[in-house]
Amino acid sequence: MRLSQFLAKTLRDDPAEAETANHRLMLRTGMIQQLAAGVYSYAPLALRSLAKVEAIVRDEMNAAGGQEVKLPTLQPRELWQQTGRDAAFGPDLMRLKDRRERELVIAPTHEEAVTLLVKQHMQSYRDLPQLVYQIQTKFRDEPRPRGGLVRVREFDMKDAYSFDADADSLDETYQRMVQAYRNIFSRCGIPAVMIEADSGAIGGKDSHEFIMPTEIGEDTFIQCPDCGYAANAERAAFQRPPAAPGEPLPIEDVHTPGLKTIADLVDFLGITPEQTLKAVFYVVDGEMVFVSIRGDLEVNEVKLKRLLGANELHHASDEEVEAAGLVAGSASAVGLTGIKSVADESIYVGANFAAGANRPDWHMKNVNTPRDFVPDAVGDIALAEAGHRCVHCGGAFISERGVEVGHVFKLGTFFSESLNATFLSPEGSLQPAIMGCYGIGIGRLLAATIEHNRDERGMRLPASVSPFQVYLAALNAEDANVAAAADDVYRKLTEAGFETLFDDRAESAGVKFNDADLFGFPVRVVVSPRNLREGKAEVKRRDADLAQLVPLEDAPATVAALLDE
RNA sequence: CGGGGCGUAGCGCAGCGGUAGCGCGCUUGGUUUGGGACCAAGAGGUCGGCAGUUCAAACCUGCCCGCCCCGACCA
């Protein structure tokens, strides 16, 4: 491809709206153009890279035994009502009506459709296992798209779905997909760590996310450097930090004028946060819930949701707190009636806590559980943070940010049961298939790849996903000798099978070198009057400091060698 | 949805009552020529939209729309 004719114009200034490096680079190279919030057009340069990412994904999916399918974007809303996901998705699900007022949805994911498709071909256990996948556009009306291609409303996703006859078989499928994912990320040139993830309201037990560590990531995950345990912060289990034990003492009221926060209380009483109980109020599926947790910890809303099996939850507003008769700043579950009470297991670690007295300006000392209150539910609902101790080995957690580039998920039988996708077992009974699902956002993966493979001059994409292998520049292209020689090199490179972007523009050397670095293809070849006198071309890797001079006719071989490094 | 910010030329921005500017990019001509060259002449704008105030609105007021960031949210 000749750059003079290619649909690609680079920008010299960074576009104002881009905050992250990958977004800036994609805009400056002209790869993408924003059409609306979270909606992008893809120029040829981007499409070439996306196609390569897709090819890698296809290759690994096929190797893992996947069969490619294509499921519809437009689906009847009724189908989503049948599985309850019309309600579960809420406003993220795009809905519309056809000319006959029939209600449709634009699919954000495809469990329903794939279950119906596979169901038709699955009658016996002999038909299992099955693994199907597609690469297709998803629509999700995200509340806040952000970060270029990292979170968008319309995006291409590889989604795979497995159907197994039993749990052991699903385990095998799952492991095969995990390995395929590791291969995919490695081939795209990014490090990805597999972490335990929340499995959400629907479905089964196991769920893992693949996270590329980066400070621009939306997700926080914790890792144990000692035993390798890694989990999303919204999921991570940890040991509650110890607190002084002791014989329960009688409750004692303390006048605490104006004290509202744990920090206030700690200062006033001269104690530590582990010696206090904190009260947090949530409205969970419309019902007020009183949450107790030790003062040194924070409530993790995802864990809370899971403990209560809830769909929706939010912090109670001041009005809601007041209406429930609770005293914000001086509340405790002691003597609480008529309101659901839940607690983190940390309330059992330690003794003689300071807590609210349920009247303004008063707290209590020496609150003990279960002596003074027994919550309706107790579980792990605390947020794991750096420094907390690993449940497996006691190591001190470290915390990092990252971008979720893939997830694998054991769905269980939720969809096969609600859509009646059953098979006949060897014993002759009808069984629902045990499902798994596996997703990779193609555009997000490209964004992550760019974020990780770049320097201050531009991208440094691995050959596996670079739009082109070679950037060929003719300096002083209006010089007939240079033009002819560069043309010849271009022809030879192309014949040798290298995807070459030939910069035949009438631009100065500086412009071409800067664009070459910005595009960041793995190898750069330069034909110029200076070196043409010796019959030579310059060949350089994007990540090398120095170039080598080789005879013009050796350029393809040198390129091949450099690409192999 | 809560909070903050921004919409003026393809990109980055200035102008903040007197009728449109700068840099980059673009066009033409000339001079240059190995890391974003120089000179000259040009092209390009319903100043996000609608209403209002005013002799006069990019600028003031109101409403709306769009976009960005933080948070909430995100099987």
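All of these numbers come straight from a predicted model, not from anything done at the bench. Just so we're on the same page: letters track the sequence lines, and every chain starts at 1.
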Nearest-Å distance once atom P is located in both B/A57 and B/G17: 14 Å

Atom-pair distance (CG on A/Asp141; P on B/C1), nearest Å: 11 Å

Donor-acceptor side-chain pairing of A/Arg505 and A/Ser4 below 3.5 angstrom: no

Side-chain N or O of A/Lys305 closer than 4.0 Å to phosphate OP1/OP2 of B/C74: yes

Per A/Arg144 side chain, nearest of listed nucleotides B/G12, B/G71, B/C11: B/G71

Nucleotide forming a Watson-Crick or wobble pair with B/G71, both distances under 3.5 Å: B/C1

Rounded distance in Å between the P positions of B/A43 and B/G10: 16 Å

Sugar-phosphate, base or nothing in reach of A/Ala18, heavy atoms under 4.0 Å: nothing

Base B/G12 to side chain A/Arg24, donor-acceptor N/O within 3.5 Å cut-off: no

Rounded interatomic separation in angstrom, taking CD from A/Glu234 and P from B/G71: 14 Å

Under-4.0 Å side-chain N/O to phosphate OP1/OP2 contact, A/Arg140 with B/C74: no

Nucleotide nearest A/Glu17 when distance is taken to its side chain, options B/G36, B/C68, B/C74: B/C68

Donor-acceptor side-chain pairing of A/Trp80 and A/Glu112 below 3.5 angstrom: no

Sugar-phosphate, base or nothing in reach of A/Arg153, heavy atoms under 4.0 Å: nothing

B/C38 to B/U33 separation - P atoms, rounded to the nearest Å: 14 Å

B/G12 versus B/C50 - spacing of their C1' atoms, nearest Å: 29 Å

Partner nucleotide, any strand, of B/C50 [Watson-Crick/G-U, under 3.5 Å]: B/G62

Separation of atom CG in A/Leu11 from atom C1' in B/C13, rounded to whole Å: 15 Å

N/O donor-acceptor pair, side chain A/Asn476 with base B/G34, under 3.5 angstrom: no

Distance under 6.0 Å and angle within 45° of ring axis: A/Lys410 vs A/Tyr174: yes

Flag for A/Asn232-A/Glu209: side-chain donor and acceptor within less than 3.5 Å: yes

Protein-nucleotide distance (A/Asp503, atom CG; B/G35, atom C1'), rounded to Å: 13 Å

Euclidean distance, atom CG of residue A/Asp515 to atom C1' of B/C24 [Å, nearest integer]: 14 Å

Side chain A/Arg28 and base B/G12 donor-acceptor under 3.5 Å: no

Sugar-phosphate, base or nothing in reach of A/Glu218, heavy atoms under 4.0 Å: nothing

Whole angstrom value for the distance that separates C1' of B/C74 from CG of A/Asp219: 10 Å

B/A14 - base-pair partner by Watson-Crick or wobble geometry, distances under 3.5 Å: none

Given B/C68, B/G34, B/A72, the nucleotide with the shortest approach to the side chain of A/Phe513: B/G34

Rounded P spacing from B/U28 to B/C67 in Å: 36 Å

P spacing across the pair B/G62 / B/G4, given as an integer number of angstrom: 16 Å

Atom-pair distance (CD on A/Glu142; P on B/C1), nearest Å: 15 Å

Closest-nucleotide ordering on RNA chain B, the 5'-leading residue of A/Asp517 and A/Gly147: A/Asp517

Phosphate OP1/OP2 of B/G10: any A/Gln33 side-chain N/O under 4.0 Å: no

5′-ward residue of the pair A/Tyr40/A/Arg524 relative to RNA chain B: A/Arg524

Aromatic ring proximity, centroids under 6.0 angstrom, A/Phe185 and A/Phe210: yes

Check: A/Tyr490/A/Thr500 side-chain N/O donor and acceptor closer than 3.5 Å: no

Nucleotide forming a Watson-Crick or wobble pair with B/U32, both distances under 3.5 Å: none

Presence of A/Arg12 side-chain N/O under 4.0 Å of B/G25 phosphate oxygens OP1/OP2: yes

Residue A/Glu538, side-chain atoms from C-beta onward, closest of B/G12, B/G36, B/G34: B/G34

Phosphate OP1/OP2 of B/C74: any A/Arg146 side-chain N/O under 4.0 Å: no

A/Ser508 side chain near B/A37 phosphate (N/O to OP1/OP2, under 4.0 Å): yes

Check: A/Asp13 side chain, B/G25 base, donor-acceptor under 3.5 Å: no

Under 3.5 Å side-chain donor-acceptor pair for A/Gln130 and A/Tyr161: no

C1'-based separation of B/G71 from B/G35 [nearest Å]: 43 Å

Watson-Crick or G-U wobble mate for B/G25, both contacts under 3.5 Å: none

Test side-chain contact (heavy atoms from CB on, under 4.5 Å) applied to A/Asn22 and A/Ile216, A/Leu446, A/Asn453, the passing residue: A/Ile216

P gap between B/G25 and B/C39, integer Å: 12 Å

Sugar-phosphate only, base, or nothing, as touched by A/Pro15 at under 4.0 Å among non-hydrogen atoms: sugar-phosphate

Nearest-neighbour nucleotide for the A/Glu19 side chain, B/G36, B/C68, B/C74 considered: B/C68

A/Leu3 CG to B/G36 C1', straight-line distance once rounded to whole Å: 15 Å

Donor-acceptor side-chain pairing of A/Gln136 and A/Asp159 below 3.5 angstrom: no

Strand partner of B/G44, provided both Watson-Crick or wobble distances fall under 3.5 Å: none

hbond_proxy A/Glu507 side chain to B/U33 base (donor-acceptor, 3.5 Å cutoff): no

Touch class at under 4.0 angstrom, heavy-atom based, for A/Glu404 against every strand present: nothing

